[in-house]
J.: 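This is the structure I want to talk about, given as structure tokens.
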Amino acid sequence: IIVYPGAAGTIGIADVEAARETIEHSAVFVTQLEQPTQAALHALGIANSAGVTTIFNPAPAEAFPEAIYTLCDYIVPNETEAAVIVGFALETLEDARRAGDVLLSKGVKAALIALGSRGVLYHTSVESVHVAAQSSGTVVDTTGAGDAFLGGFSAALAKGMQPVDAVRFGCATAGIAVTRKGTAPAMPHLAEIEALLHLRFERDQQ
């Protein structure tokens, strides 16, 4: 994967400060590493101080300041990114739980580790829940699947869903997106996500 940040690479502290009011009045703040890490760190600090729920996606995988961990309500790496951080491969669910423990030890409140077709592990100091991937058809293109999950999860949290339910919502979002070509054009509408979740609920009740 080649990353060319373009305009995002020019984002600095002044840009973050210009958005301070918006960040402080948000329900959820999400950032990643497609802009300079100092900008991400500064923005997370603003959000954290304001009591805003913070979500950090350490992608693309690269070194970042240790101070970021303690500002994260949720860190959301995929299995490859998590392996880079913790120093071992995530071949099993137990490996993912060990990785989750390492991330918690660094100061995050909750680790969500995306495991591709194996779903997502939601891991905190009090619970560890494996949420299965949700299929809605033939997989056509997995580009942007992580973004779909993160967008769905974040939106669900902003609407007041409990974390594990928000993870399921994110999985349903990604499960639909991968059945379509592209990234932004593949993202589903709310009604589609709710329909998939309802179908899954009905199947579980049978």
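Source: prediction; values computed, not measured. Computed from heavy atoms alone, side chains included, the values below leave out hydrogens, waters and symmetry copies.
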J.: Quick check for you: to the nearest 0.5 Å, what is the distance between Ile46 atom CD1 and Ile13 atom CD1?
T.: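 If I round to the nearest 0.5 Å, the distance is 8.0 Å.
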J.: Does a sphere of radius 6.0 Å around CD in Gln162 hold more than 12 heavy atoms from other residues, nucleotides or ligands, not counting ones at 6.0 Å or beyond?
T.: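 Counting neighbours around CD of Gln162, 12 or fewer heavy atoms of other residues, nucleotides or ligands fall under 6.0 Å, so no.
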J.: Would you mind reporting whether Ile113 and Glu81 have side-chain heavy atoms less than 4.5 Å apart?
T.: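 No; the side chains remain at least 4.5 Å from each other.
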J.: Given the rule in the side chain to side chain contact (heavy atoms under 4.5 Å, CB included) test, do Leu121 and Val129 qualify, once you have shown the distances and angles that lead to the verdict?
T.: CA-CA 6 Å; Leu121 177 69; Val129 181; over 6 Å; no
J.: With side chains defined as the heavy atoms from C-beta onward, is the minimum distance between Asp95 and Thr92 less than 4.5 Å?
T.: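 A side-chain contact exists here, since the closest heavy-atom pair is under 4.5 Å.
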J.: Shortest non-hydrogen contact from Lys109 to Leu104?
T.: O-CD2, 3.6 Å
J.: Evaluate the side-chain proximity of Gln35 to Thr10: yes if any heavy-atom separation is below 4.5 Å, no if none is.
T.: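 They are not in contact (no side-chain heavy atoms under 4.5 Å apart), so the answer is no.
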J.: If we only count heavy atoms from C-beta on, is the Gln38 to Pro65 side-chain gap below 4.5 Å?
T.: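 Sidechains of Pro65 and Gln38: in contact.
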J.: By the definition side-chain contact (heavy atoms from CB on, under 4.5 Å), identify the one residue from Asp73, Leu71, Leu33, Val30 that meets it with Phe56.
T.: Leu33
J.: Do Tyr69 and Phe64 make the cut of ring centroids closer than 6.0 angstrom?
T.: yes
J.: After noting the C-alpha distance and the side-chain angles of Leu196 and Ile193, does the key distance pass the side chain to side chain contact (heavy atoms under 4.5 Å, CB included) rule?
T.: CA-CA 5 Å; Leu196 178 57; Ile193 302 167; 5.9 Å; no
J.: Angle between ring planes, Phe153 versus Tyr74, binned at 30° and 60°: parallel, tilted or perpendicular?
T.: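 Perpendicular: the ring planes of Phe153 and Tyr74 meet at over 60°.
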J.: State, with a plain yes or no, whether a side-chain heavy atom of Phe169 is found less than 4.5 Å away from one of Asp165.
T.: no
J.: Answer whether the closest heavy-atom distance between the side chains of Val76 and Ile55 falls below 4.5 Å.
T.: yes
J.: Return a table of donor-acceptor pairs under 3.5 angstrom between the side chains of residues 83-91 and protein atoms on other chains or two or more places apart.
T.:
none

J.: Would the number of heavy atoms belonging to other residues, nucleotides or ligands and lying under 6.0 Å from CD of Glu21 be above 12?
T.: no
J.: Under 3.5 Å, side chain of Thr70 to main-chain N/O of Ala67, donor-acceptor pair present?
T.: yes
J.: What pairs with Glu94 under salt bridge (charged side-chain N to carboxylate O under 4.0 Å, His left out), at least two apart in sequence or on another chain?
T.: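 Salt bridge (charged side-chain N to carboxylate O under 4.0 Å, His left out) list for Glu94, sorted by chain: Arg97.
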J.: Quick one: does Pro188's side chain get under 4.5 Å of Arg180's, heavy atoms only?
T.: yes
J.: Could you tell me the separation between the OG atom of Ser128 and the NE2 atom of His123, rounded to the nearest 0.5 Å?
T.: 5.0 Å
J.: Determine whether a donor-acceptor pair (N or O, by modelled atom type, separation under 3.5 Å) exists between the side chain of His130 and the backbone of Arg118.
T.: yes
J.: When you look at Asn57 and Thr31, which way does the side chain to side chain contact (heavy atoms under 4.5 Å, CB included) test go after all the steps?
T.: CA-CA 6 Å; Asn57 175 214; Thr31 191; over 6 Å; no
J.: Taking the side chain as everything from C-beta on, heavy atoms only, tell me whether Pro77 gets closer than 4.5 Å to Ile75.
T.: yes
J.: Tell me whether Thr124 contacts the main-chain N or O of Glu127 through its side chain, where contact means a donor paired with an acceptor under 3.5 Å.
T.: yes
J.: What's the shortest heavy-atom distance between Val16 and His42, and which atoms?
T.: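 Result for this residue pair: CG1-CD2, 3.6 Å.
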J.: In plain terms, say whether Glu194 and Arg168 are close enough for a salt bridge, that is, a side-chain N and a carboxylate O under 4.0 Å apart.
T.: no
J.: Between Asp101 and Arg98, does any NZ, NE, NH1 or NH2 come within less than 4.0 Å of an OD or OE carboxylate oxygen?
T.: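 Salt bridge flag = no for Asp101 with Arg98.
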J.: Given 3.5 Å as the limit, does a donor-acceptor pair link the side chain of Asp15 with the main chain of Gly12, or not?
T.: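 It does hold such a pair.
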J.: So Thr179 and Asp141, side chain to side chain contact (heavy atoms under 4.5 Å, CB included) or not? Walk me through it.
T.: CA-CA 6 Å; Thr179 65; Asp141 186 357; over 6 Å; no
